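Values below: every heavy atom of this structure, side chains too, minus hydrogens, waters and symmetry copies. Predicted, not measured: the structure shown is a model, and the values here were computed from it.
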Amino acid sequence: HLAGYCDSIEVIIQKDGSATIVDHGRGIPTGIHPEFGISAAEVIMTKLHAGGKFDNAAYKVSGGLHGVGVSAVNAVSEWLKMTIQRDGEIHEQTYVRGQPSGPLEVVGKSESSGTTISFIPDRKIFTTVLDFDFDTLNTRLRETAFLNAGLKITVVDQRVEPAEVVEHQYQGGISEFVHQLNERRKPLHSDVVYIKGFREVELGEIHVEVAMQWSDAYNEIIQCYTNIIRNRDGGTHMSGLRSALTGTLNRYAKSRNLLKHIDKLSGDDVREGIAVVISVKHPDPSFSSQTKDKLVSNEVQGIVESIVNEKLAEHFEENPAVARLVIDKAVLASKAREAARKARDLTRRKGVLEGGGLPGKLADCQSRDPDECEVYIVEGDSAGGSAKTGRDRRIQAILPLRGKILNVERQLRNQAKIYQNQEIQTMIRAFGAGVGNPPEIAEGEEDQAESDTYFNVEKLRYGKLIIMTDA
């Protein structure tokens, strides 16, 4: 499909546990290979480092790296059957545990083209899980259909009655993918921001495709792909994307004086609530491992960053209302993050010489064992005075608060207001358990002093928090 020769693919899980994959491309080449003296199809099925991707005329980009995939599948299959329709003929060959049962033979005539591969896992090798998982395959193939706009992929499970049939075809490509990622969130802007560009490098062209949309959620979703293969740990394309988002939003906001009382927006601020799919087509990508979980091609970072910088800035210039919504959300996130940081600072353990870190209102108990300690939150100083006279001061603490504090449910969009509230700050300091979820910290960059202040229920100073009110 990437090379322009296939518009539909079928993947069928058969009742006997085998799998059949049918494509309507050109068909695997069937001519005799000059070096090995056997058909090109047999070379592809039995030799490593062989396949169409090594001929740049056939494919400019490919998901495969080393010409290993189908040879490995063949080697660990009890049997594999290959049917090729090409040049008006139908060719067939069967393998048993990776070895051909005979040469590639012509078995009929055909006016269409394509390849059908059927195989079943070898039970002598796979002793535990033998069944194909429909959900795993369906998810992977749905992503493939999103990344190849217009390609129709049909997934069929014949192991159930009636057979389960799912079709994936998305004319909108990755923009439609982002819409689906945001379907349970409330988008800030209706249209998905779509960016497309390429750069010439020594090996050929590197194509970059990005679709993004901000929502009112607090978490970010970034899905990264190279040559339609998911990179779960991101990589250089994700780094370039993150740098471009932070830089572009800061430049736009500063040029229009939208950053009041804030020096600059952080990466976390600008990415709050974003859903992004980034797809890179690279003629010769490098990954951190054979599982391709992380792209490590250095040139990709700069290319992605420059394309996103240029195109996103253009989009914001043409759609100032969208830019304003996104920056307003990022500014709000920045204020909330700073307020949360200050609230966390309240819970830092104070040394002997620094004075007490507990609020003056709190009448603390004598015991330091959280399992036996309990704190009563009472309404107002007068009720607090009465409660103190009736408590067991060894294990019972009294914390008087103003009668009506902030309704936090109404302030979820403005978390800064929550953290700045005096009564809530008093509770944060008294309970000692910190505030908020810790951010994702890259390996080797852990800051223990900072992480100590994020919410951790094990650091609660009291085993019971009791709200005591009158009738």
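Between F146 and Y170, the ring planes are parallel. Angles under 30° get that label, and only those over 60° would be called perpendicular.
A salt bridge between E338 and K335 is absent, with no side-chain N of the basic residue lying under 4.0 Å from a carboxylate O of the acidic one. In this structure, R242 pairs ionically with E220, as a charged nitrogen and a carboxylate oxygen lie closer than 4.0 Å. Using a 4.0 Å cut-off between charged side-chain N and carboxylate O, R185 and E272 make no salt bridge.
Around the CD atom of E183, the shell of radius 6.0 Å holds more than 12 heavy atoms that belong to other residues, nucleotides or ligands. The environment of CG in D263 is sparse: at most 12 heavy-atom neighbours from other residues, nucleotides or ligands sit within 6.0 Å.
With hydrogens and angles disregarded, a donor-acceptor distance shorter than 3.5 Å links the side chain of S266 to the backbone of D269. Checked by atom type and distance alone, the side chain of N227 pairs as donor or acceptor with a backbone atom of H282 at under 3.5 Å.
Atoms OG1 and CD1, on T30 and I90 in that order, are 12.5 Å from each other to the nearest 0.5 Å. Between atom OG of residue S101 and atom CD of residue E92 there is a gap of 11.5 Å, rounded to the nearest 0.5 Å. A distance of 7.0 Å separates OG in S39 from CD1 in I84, rounded to the nearest 0.5 Å. Between atom CZ of residue R140 and atom CD1 of residue I153 there is a gap of 8.5 Å, rounded to the nearest 0.5 Å. In this structure, the separation between CZ on R142 and NE2 on H168 is 6.5 Å, given to the nearest 0.5 Å.
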